[in-house]
Amino acid sequence: MAKGKDLEGKRENFASKFGIIAAAAGSAVGLGNIWRFPYVAGENGGGAYLLVYIAFVILIGVPAMLSELIIGRRSKSNAVGSFRKLKPKTPWYLVGVMGVLTGFLIFAFYSTVAGWTLHYTYLAIINAFHGMNGAQLAETFDKFHKSALLPVFWQIIFIIMTAAIVIAGIEKGIERYTKILMPLLFLILLILVIRAITLPDAGKGLKFLFMPDFSKVTGKTILEAMGQAFFSLSLGMGVLITYGSYIQKHENLTDVAGEVAFFDTLVAILAGVAIFPAVFAFNLKPEAGPGLAFLTLPGIFEQMPGGYFFAIIFFLLLVVAALTSSISLLEVTVAFLTEEFHITRKSATIWSSLVVAILGIAATLSFGILNNFHIFHKTIFDFLDNVTANILLPIGGFFIVIFVGWVMNKSETRAELTNENKMKGRIYGIFLFLVRYVVPLAIAIVFLYSIGLIKL
Ligand code: PHE
């Protein structure tokens, strides 16, 4: 650990509960909600997927989030250092190392999509969507994301933006602004929802999202829903360990986890409600894949008064939502590098951004010139997207809950969850049962089921 960086005394704290929620929700709410959730739901049949997803958020997401917060606040340390501190001289710190690597892989393909949102902000400003129908919007997206120069250009801009904020420090900048910008994003999303559900044939889209058709539930659906829950809540790679380490002793961790999970899920569902009616109204396919949001949203804006301005503000806010998430991704790596390898924050940020950029450019180009290059039958982008959300994050989450449930002292975990026994009630008993048995078993069963090893 770096000298002079005493993790006990000098660490900063979140000043208020609202600050904690804004930071944690800022990490959670991002492209995962507005871009990834609707497209994965579309590919997995809609309604039934939504139900399975919500079940995973409550049953696995909240306990796993609480586990990370407990590890962080107890150790007051980064994702790797926390395991070292709580269980010295054991291999548990490798869970943190895996988290750092996972964050890296996520950031790579995340920056591809974030680059798309920058380009779409630009297109909104020059009023490029004006008068376009569904087919033309689809063609615009198709041409753009399969080309080379433009998507890579925006991606690099986005990575530079993220790096600049991480170098400057998060506290005074991003936190202050997200407190205003996240509620604004929410408001615009609500307005979009109203327009979407009054589109002709909106019922079809709502039915697709809310009517569960269980014949469509397969091992893949369940695995995808679990992966999406981890991805959307920023779980399984140490973001919430890091943020938990900045939370003061008197805050109620259960409240934090509950509120972040609720808000994150609400935004995802609202995004679905905004997007699916448009999918049917514009004659698109729900299983259109990663482009779904980009095909539909500009079309909705076209059909509403003031759409020109709403489109600009919306895509700008989407950029902000992506930024508050990518910052948390990069921060995990940077905190690890500075503390474990004694390098400055600035060079840690620059070097890791460079490596992310190389991998990220490969992901971007995998829609175009690298389209025939496959890893396990998937393009680079799809491979990164799938392997992180559906495999690496759940495995990370699995070990994190095992650590809290079976390895940490009960007196320590209880003290964190109940604020030194100030909070009464059965919450600790329920939590312990969930992290010892329910969550690890659920993750294991989903894995075995999805690879066909067990049948239900
Ligand atoms: N939760 C973020 C989103 O939904 C993505 C993310 C995943 C951020 C993992 C940090 C860690 O956009």
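Along the sequence shown, residues carry numbers from 1. For ligands, and for the atoms within them, numbers begin at 1 and follow the listed sequence.
Considering backbone and side-chain N/O atoms, S27 comes within less than 3.5 Å of an N/O atom of ligand 1. Among the atoms of L393, none of the N or O lies under 3.5 angstrom from an N or O of ligand 1. Checked by distance only, ligand 1 and L235 stay at 3.5 Å or farther apart across all their nitrogen or oxygen atoms. For ligand 1, one of its N or O atoms has an N or O atom of L31 under 3.5 Å away.
Proximity of a side-chain donor or acceptor of T221 to a complementary backbone N or O of K216 within less than 3.5 Å is detected.
F314 has its side chain out of reach of I300: every pair of non-hydrogen atoms, C-beta onward, lies at least 4.5 Å apart. Residues F230 and N390 form no side-chain contact, since every pair of their non-hydrogen atoms from C-beta on lies 4.5 Å or further apart. You'll find the side chain of I54 reaches within 4.5 Å of the side chain of I269, heavy atoms only. Using a 4.5 Å heavy-atom cutoff, the side chains of Y53 and F37 are in contact. When side chains are defined from C-beta on, F383 does not count as touching F373, because their heavy atoms never get closer than 4.5 Å.
Using a 4.0 Å cut-off to heavy atoms of S232, the atoms of ligand 1 that qualify are 1 (N), 4 (O). Residue G32 has at least one heavy-atom neighbour below 4.0 Å for each of these atoms of ligand 1: 3 (C), 4 (O), 12 (O). Residue S328 approaches ligand 1 through these ligand atoms, each under 4.0 Å from one of its heavy atoms: 10 (C).
Between S234, A321, G99, A389, it is S234 that holds the heavy atom closest to atom 6 (C) of ligand 1. Between F230, F231, F37, it is F231 that holds the heavy atom closest to atom 5 (C) of ligand 1.
Just one of F301, Y120, F294 meets the ring pair (Phe, Tyr, Trp, His ring centres under 6.0 Å) condition when paired with F129; it is Y120.
Distances shorter than 4.0 angstrom occur between a heavy atom of Y110 and an atom of ligand 1.
From the protein, the heavy atom lying nearest to atom 11 (C) of ligand 1 is L329 CD2, 3.4 Å. Among all protein heavy atoms, the one lying closest to atom 3 (C) of ligand 1 is A28 O, 3.2 Å.
Side-chain N/O atoms of S352 and T333 include no donor and acceptor closer than 3.5 Å. If you check the side chains of N386 and D382, you find no donor sitting under 3.5 Å from an acceptor.
The proximity of M237 to ligand 1, defined as any non-hydrogen pair under 4.0 Å, is limited to the side chain.
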